[in-house]
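Just below is one structure, and these are the notes that go with it.
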Amino acid sequence: LAQLFRPLDLLGMVYRTIRQGVIDMGSMFDLIDTPSEVVDVPGARPLAVVRGHVRFEKVVFGYDDATILKGIDLDVPAGTTLAVVGPSGAGKSTLARLMYRFYDLDAGRITIDGQDIAQVTQDSLRAAIGIVPQDTVLFNDTIGYNIAYGREDASEAEIEAAARGAAIAPFIERQPDRYATRVGERGLKLSGGEKQRVAIARTLLKDPPVLILDEATSALDSRTEGEIMQTLEAIERGRTTIVIAHRLSTIVHADRIVVLEAGQVVEQGRHAELLAAGGVYAEMWQRQAQERDEALAAA
Ligand code: ATP
């Protein structure tokens, strides 16, 4: 299997270099851009988002012969936050890729406000979904351009408002060229937290009813994490949000937490309920708490 991935990885790398990054997709959609087998059905209509109610109904999917998701049911009422947790390889990012329709399902369906996402135009689906990836690749261009990417018609006032909402405006305004500051390979280098805020600002400008957050796996220092959590809370408000979470401390307030293991939902509920249940989630929580304590003791 690894041998199969290598050429794809290489292809992805070459492709990325040519396009200077797949930009919006980040590491979650790393391998290749939209696979060619996904096409609009004849006569596909645009998705009509009323409120943004997302449902997965008995979703079955595998990239090749191996089944990765084995009958997933999820219900994310409009405006609520669902967090997906679970061990590496459980299929968390796959759920997000399927929502964006990077692949078609083997069975079951995913709906937004009752419309099967396989039946609507891909453009309208993707316009309705915002993604804040783990790792944002920036264009070698100005920071203003990077924020406005995907909304070329955005006015300066809108770009600045988005930067304020994402708490990156003070940083930008400290630069001599402000929004015209060049970033990327040949410009100002941004930290992981700053890049994520650019992605948040871009999402605020896009203003999508449905949001996918792919939380960074790498640990941020606790101040940066606290600041990013606050800005994330600001963009989650009023939107249907699916968070792929690695640190459980960041999802304590989610409306619902789903624990995915080997392509199946093994537990779900709110944080306190899952802790009280004393199952997989409670064990993950204790393990992470212990790791935090050890890290603090070592510091
Ligand atoms: P992590 O927490 O490490 O990001 P995850 O729960 O998000 O893991 P996925 O990325 O959804 O897991 O991957 C689920 C399974 O699917 C893994 O076994 C992975 O190797 C496999 N997989 C992921 N992408 C592909 C692909 N493009 N082609 C084939 N198999 C893939």
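Scope of the values below: all heavy atoms of this structure, side chains included, with no hydrogens, waters or symmetry mates. Counting convention: from 1, in listed order, for ligands and their atoms alike.
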* Audit row: Glu236, Thr81, side chain to side chain donor-acceptor pair (under 3.5 Å) steps and yes/no -> CA-CA 7 Å; Glu236 282 175 41; Thr81 296; 3.1 Å; yes
* Asked: With a 4.0 Å cut-off, would you call Asp123 and Arg126 a salt bridge?
  -> no
* Mark up the atoms of ligand 1 that fall under 4.0 Å of a heavy atom belonging to Gly91, in ascending order. => 5 (P), 6 (O), 9 (P), 11 (O), 12 (O), 14 (C)
* **Flag, side chain of Thr181 to backbone of Gln175, donor-acceptor distance under 3.5 Å** => no
* Residue Arg97 vicinity, atoms of ligand 1 by number, heavy atom under 4.0 Å -> 10 (O), 23 (C), 24 (N)
* Asked: Does ligand 1 have an atom under 4.0 Å from some heavy atom of Gly86?
  -> no
* To do: Answer yes if Phe56 and Val60 sit in the same cluster of Ile, Leu, Val, Met, Phe, Trp and Tyr residues linked by side chain heavy atoms under 4.5 Å apart, and no otherwise.
  => no
* To do: Mind telling me whether Tyr149 and Phe139 have parallel, tilted or perpendicular rings, with 30° and 60° as the class edges?
  => tilted
* In terms of the angle between their ring planes, are Tyr63 and Tyr103 parallel, tilted or perpendicular, with boundaries placed at 30° and 60°? -> perpendicular
* **Note: Asp214-Lys92 ion pair, threshold 4.0 Å (strictly below)** => no
* Interfacing atoms of ligand 1 (cut-off 4.0 Å, heavy-atom, Tyr103) -> 27 (N)
* **Identity of the nearest option to atom 24 (N) of ligand 1, non-hydrogen atoms only, from Tyr63, Phe102, Phe61** => Tyr63
* Asked: Given Pro87, Ala90, Ser88, which one has a non-hydrogen atom that is nearest to atom 1 (P) of ligand 1?
  -> Ser88
* Report the part of Thr94 in contact with ligand 1, treating N, CA, C, O as backbone and CB onward as side chain, heavy atoms under 4.0 Å; options are side chain, backbone, both, neither. => both
* Asked: Any idea which atoms of ligand 1 are less than 4.0 Å away from a heavy-atom of Lys92?
  -> 1 (P), 2 (O), 5 (P), 6 (O), 7 (O), 8 (O), 11 (O), 12 (O)
* Distance-only N or O hit between ligand 1 and Ile68, under 3.5 Å -> no
